[in-house]
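All remarks here apply to the structure that follows.
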Amino acid sequence: MWIDPATTPNAALILAELRLPRAVLALIVGGGLGAAGAAMQGYLRNPLADPGLFGIAPGAALGAVIALYIGASSTVLLHGFALLGAGGAMALLALIAGRTANPAHGIALFTLSGMMIASLAGALTSLAISLSPNAFAMSSIVTWLMGALTDRGWSDVTLAAPLTLAGVLVLWRAGRSLDALTLGEEAARSLGVNPRALMALMVLGTGLTVGSGVAVAGIIGFVGLIVPHLVRPLTDKRPSSLIVPSALAGALLVLVADVVCRILPLVTELRLGIALSLIGAPFFLMLLLRMRRGLA
Amino acid sequence: MILSCENLSVVRQGKRVLRDLSCDLRPGDITAICGANGAGKSTLLSALGNLIAPEEGTVTLSGKPLPAMHPLTRARNIGYLPQSAEIGWDVSVANLVALGRLPHRDAGAAEIKRAIHSCAMDDFAQRPVSTLSGGEKARALLARVLAGEPQWILADEPLAALDIAHQLALLRVLQAEAESGVGVVLVLHDLALAMNHADRVLVLREGQLLADGAPEDALSPENIAAGWGVSARWLGEPGARALMVS
């Protein structure tokens, strides 16, 4: 809500130490998720790919929860584990579904493997939560998992910003190879694309962007799915043309969504992750319907 | 630039698909690779493009082993057109053709324009690929290969699923490339097309070279009987042969 400096004491403090880092984090998290979604859709040649749905964000969450479970309280360690979890999930996805001979099977195989990775990571996260030493730890993990940007400060920004920026740069660098993949894996290799190097870029890029996003904000789904779809009609549809615009649009979407969450007149603040899922799930269904119509 | 393979053996999923195959391919020729299903035609083509690693043997370009070559150098010299007409995103024809310039790391506007022109796709350059017919898509995909201006073009059944007019249109483009000194290697199922349009035919049987030579010799009725197990004879004049299967 609008802060009136005349009636609110500490207005400057609230703005500088609460609102501003929160807004900057929203931009960072959204930018990373948007870029990761665009790059994943290009890499998997699947318009339904999303870091949340396909297990990358749940992988990062599992990493972070393991860090919390083993008692790591430093944000650096939490970040590190989240990055490893996200990168590991992306590597697993690329290894399971990365070698399909028949492109017609590709989309189904990728989608199913992604969802399996997501549910496996979710199950392991639940296991870690159920084994957590006390009720307080349990509830703090659960709340964090729901995804939100409340009570974050500049220390989170200084950690997440460089990592996310590095991740977006890595994904941007993969753009040319992602363009070549438009023609299928074999043709891409004939154009000089090294599949291992590309996979390494994808693992690193999604690990950095999604991992640090999850580490500061928990799981915020559907941004990586929605944003590339909104941006794609405005570009020439090459995967490389989509990465940076998706980062910008993702930043904007999460910032707006977070502001809406904060000012909605509810008893407790609506969690950002829940809000975006409420928008994202119907969007996903709409995409499926449109694809079905396209196939029919 | 001679493209050759020596004692090539390839194993795929535990099965030996090519055994001890050697051949030297000359630039300026249209070489057709023919054979029954599962004879190893596509595997040979992929191996010639260094897209699969052989179990034994080497593929060399002007005497240099392909695996030792930088992938981008190899990609600039050898253009590969896969069998599937897969195009992942609905890009424009011009952007599709521009993918052929990726190994050169340049915009290559003139080359792209030339490639689009030689495939008679000028009017379609700004069209999204989803609006193209099968024949137009095949031409656009060939233009993508031409845009890279490779010394060698390897194409896996580029004429399958095309009507005769489009088959001839594509063959004319490939013939023009061969006349300008490019080596063209095609996997072909249609033996009459191989007979009438290739300069040289390799016939494969169970991963081995059954015949290698001028079309009239390599596709003799005896070789067709040995390679495909059908008895057939050629009708018509050289250059306009038709296959009669009995």
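Keep in mind the model is a prediction, meaning the values are calculated, not measured. In the text below, chain A, chain B and the rest are named by the order of the sequence lines, each starting its count at 1. Excluded from the calculations below are hydrogen atoms, water molecules and symmetry mates; all remaining heavy atoms, backbone and side chain alike, are included.
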Exercise for the section: May I have the step-by-step check of side-chain contact (heavy atoms from CB on, under 4.5 Å) for A:L44 and A:L93, ending in yes or no? Expected result: CA-CA 10 Å; A:L44 306 176; A:L93 180 61; 3.8 Å; yes
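Counting only distance, with no hydrogens or angles, the side chain of B:D90 and the backbone of B:S130 share a donor-acceptor pair below 3.5 Å. Proximity of a side-chain donor or acceptor of A:D50 to a complementary backbone N or O of A:G224 within less than 3.5 Å is detected. Panel note: side chain B:S118, backbone B:R114; a donor-acceptor pair is recorded below 3.5 Å. Between the side chain of A:T164 and the main chain of A:A161, no donor-acceptor pair closer than 3.5 Å is present. Using a distance-only test at 3.5 Å, with no hydrogens or angles considered, no donor-acceptor pair links the side chain of B:D29 to the main chain of B:T31. Judged by distance alone, the side chain of B:E6 and the main-chain N or O of B:S22 form no donor-acceptor pair under 3.5 Å.
Heavy atoms from other residues, nucleotides or ligands lying under 6.0 Å from CD of B:Q175 number more than 12. In B:W152, the CH2 atom is crowded: over 12 heavy atoms of neighbouring residues, nucleotides or ligands sit closer than 6.0 Å. Residue B:Q83 qualifies as enclosed at atom CD: its count of foreign heavy atoms under 6.0 Å is above 12.
Listed by sequence position, B:L99, B:G100, B:L102, B:P103, B:R105 are the residues of residues 97-110 of chain B in contact with chain A, using a 4.5 angstrom heavy-atom cutoff. Contacts with chain A (heavy atom to heavy atom, under 4.5 Å) involve these residues of residues 41-73 of chain B, listed by number: B:S46, B:L51, B:P71, B:L72.
Taking CG of A:L201 as the reference point, atom OG of A:S177 lies at 7.0 Å (rounded to 0.5 Å).
Looking at B:L141, the atoms closer than 4.5 Å to chain A (heavy atoms on both sides) all sit in the side chain, from C-beta outward. Heavy atoms closer than 4.5 Å to chain A are found nowhere in B:L81, neither backbone nor side chain. With a 4.5 Å cut-off on non-hydrogen atoms, B:R144 touches chain A through its side chain but not through its backbone. Of the atoms belonging to A:N194, not a single heavy atom falls under 4.5 Å from chain B.
With chain B as the partner, the residue from A:T235, A:T182, A:V193, A:L181 showing the most heavy-atom pairs under 4.5 Å is A:T182.
For A:L252 against A:L27, the heavy-atom pair with the smallest separation is N-CD2, 4.5 Å.
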